[in-house]
Amino acid sequence: METQILPINDYSIKLAAELLKSGEIAAIPTETVYGLAGNGLSAQSVKKIFVAKNRPADNPLILHIPDTDWLYRYSKSVPEPALKLAERFWPGSLTMIMPKNNIVPDETSGGLTTAAFRMPDNKYTLKLIELCGFPLAAPSANLSGLPSPTEARHVYNDLNGKIPLILDGGSCSCGLESTVIAFTEKGVKILRPGGVTPEMLGEFCEVEIDKAVTEGLEEDGKAFSPGMKYKHYSPKAAVYMIECGDYGDFIEFVNNNYDENTLVLTDVAGKIRAKTLSYGNTDKREAAELFSALRQADELGAEKIYVKAPEKKGIGLAVYNRLIRAAAFKVIKL
Ligand code: TXA
Ligand code: MG
């Protein structure tokens, strides 16, 4: 199959809508990362997504909707706080889990009785969903296990020949996948941190952060969100996350422990003797550039990547969560 890349516009979304209505799948831009979309109400389409990505079938997909009202079409009961959060954060990087109804097939929900919903912040993608008339199920458009794609060419590198169409909407502004929350008696629980931070959610309700966000799962630990149990975001190089307060300590560690195949992700290359790759000078930029930097490190043939652990607050918590997985929990504490 030939994979076509088209800039996203009024013309290409019509083409994509026809393709999706016929049961095919296509990559779409969102503000977080690129998604690999299919008809979320069609078991056949959803199966194509799992095959193209090589994704385990028990890892459920997010349903992307263009209007909060659509929640009532596909959810058995919409939790009251969901409406408040939707009003504040949608369109945007917040995914909410709630009971699904029978219209949503088991293939989409990975066999769970719940489904995840999100309204992405891309006006063409929202128009595309309206044209389709059904919610688009879309996981990140990478091969399972690799860093999520934040540019159309990342999708092409992973899925060329496996999908018919990629809609190119440029670089994703957030760069990390959405914040995934479940509702609890008292408020919400963050299962995956993202652009909508605990602090932002905290203005509306009580916020709990799942232990698995910053720690590994115990041997027999059951993941509340199935996605959390898989190895994730891993480039070919071995990633080491260095936890230390002081930047000077980080530089000293790197300078004592590098070789010619080591790459350091940093915005202050000055005193570092190893090769460096520039990456983020604010926590927002770190989030936006992380996945792209990990892919670039592979292209450069790096064998070892050193990166300083971000502070676990604001969007830094999301960067920490992706890094610790990319590092397969290899954290060096100085
Ligand atoms: O920003 C995003 O969320 C991107 C864009 C394309 O929207 N999508 C994305 O999808 O990251 P994916 O499939 O890579 O991650 C979805 C996460 C997984 O960890 C999955 O386990 C979790 O959401 N999830 C989905 N439905 C769930 C459910 N019913 N219960 C618990 N976790 C769920
Ligand atoms: Mg993913």
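Every heavy atom of this structure was used, including side-chain atoms; hydrogens, water molecules and symmetry mates were not. Whatever order the structure lists them in is the order used to number ligands and atoms, beginning at 1.
Residues Arg153 and Asp168 are not paired through a salt bridge, judged by the lack of any N-O separation under 4.0 Å between the basic side chain and the carboxylate. Classification of Asp158 and Arg295 as a salt-bridged pair holds, one side-chain N sitting under 4.0 Å from a carboxylate O.
Aromatic pair Phe204/Phe89: centroids less than 6.0 angstrom apart.
Not one N or O of Glu177 is nearer than 3.5 Å to an N or O of ligand 1, by distance alone. Below 3.5 Å of separation, one finds an N or O of Arg55 facing an N or O of ligand 1. Considering backbone and side-chain N/O of Tyr34, none are found under 3.5 Å from N/O of ligand 1.
Those atoms of ligand 1 that come under 4.0 Å of a heavy atom in Thr32, given as number and element, are 1 (O), 2 (C), 4 (C), 5 (C). Atoms of ligand 1 lying under 4.0 Å from at least one heavy atom of Leu112, given by number and element, are 28 (C), 29 (N), 30 (N). With ligand atoms numbered from 1 in the order given, ligand 1 contributes 6 (C), 8 (N), 10 (O) to contacts under 4.0 Å with heavy atoms of Ala138. Heavy-atom proximity to Ile62, at under 4.0 Å, picks out these atoms of ligand 1: 3 (O), 8 (N), 9 (C), 10 (O), 16 (C). Distances below 4.0 Å separate heavy atoms of Ser140 from the following atoms of ligand 1: 8 (N), 9 (C), 10 (O), 12 (P), 14 (O). Here is the list of ligand 1 atoms found below 4.0 Å of a heavy atom in Gly35: 6 (C). Against a heavy-atom cut-off of under 4.0 Å, His64 is close to the following atoms of ligand 1: 5 (C), 6 (C), 7 (O).
Nearest-heavy-atom check against atom 20 (C) of ligand 1 across Val180, Asn59, Thr125, Leu94 picks out Asn59.
Checked by atom type, the side-chain pair Glu303/Thr262 shows no donor-acceptor distance below 3.5 Å. A donor-acceptor contact under 3.5 angstrom links the side chains of Ser148 and Glu177, judged on distance only.
Between the Mg ion (ligand 2) and Ser140 there is an N/O/S contact shorter than 2.8 Å.
If you look at Thr114 next to ligand 1, the close heavy atoms, those under 4.0 Å, come from the backbone and the side chain alike. By the criterion of a heavy-atom distance under 4.0 Å, neither the backbone nor the side chain of Lys53 is placed next to ligand 1.
Criterion: ILVMFWY side-chain heavy atoms under 4.5 Å apart, direct or through other members. Under it, Ile62 and Met96 are not part of a common hydrophobic cluster.
Nearest heavy-atom pair, Ile163 versus Ile166, reported as atom, atom and distance to 0.1 Å: CD1-CG1, 3.9 Å.
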Practice prompt. Could you give me the CA-CA distance, side-chain angles and deciding distance for Tyr258 and Phe253, then say whether ring-ring contact (aromatic ring centres under 6.0 Å, His included) is met?
Written response: CA-CA 9 Å; Tyr258 75 98; Phe253 172 84; over 10 Å; no
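Heavy-atom separations between Lys100 and ligand 1 are all 4.0 Å or longer.
When the ring pair (Phe, Tyr, Trp, His ring centres under 6.0 Å) test is applied to Phe134, no partner is found at least two apart in sequence or on another chain. Not counting sequence neighbours, Phe50 has no partner by the ring pair (Phe, Tyr, Trp, His ring centres under 6.0 Å) test.
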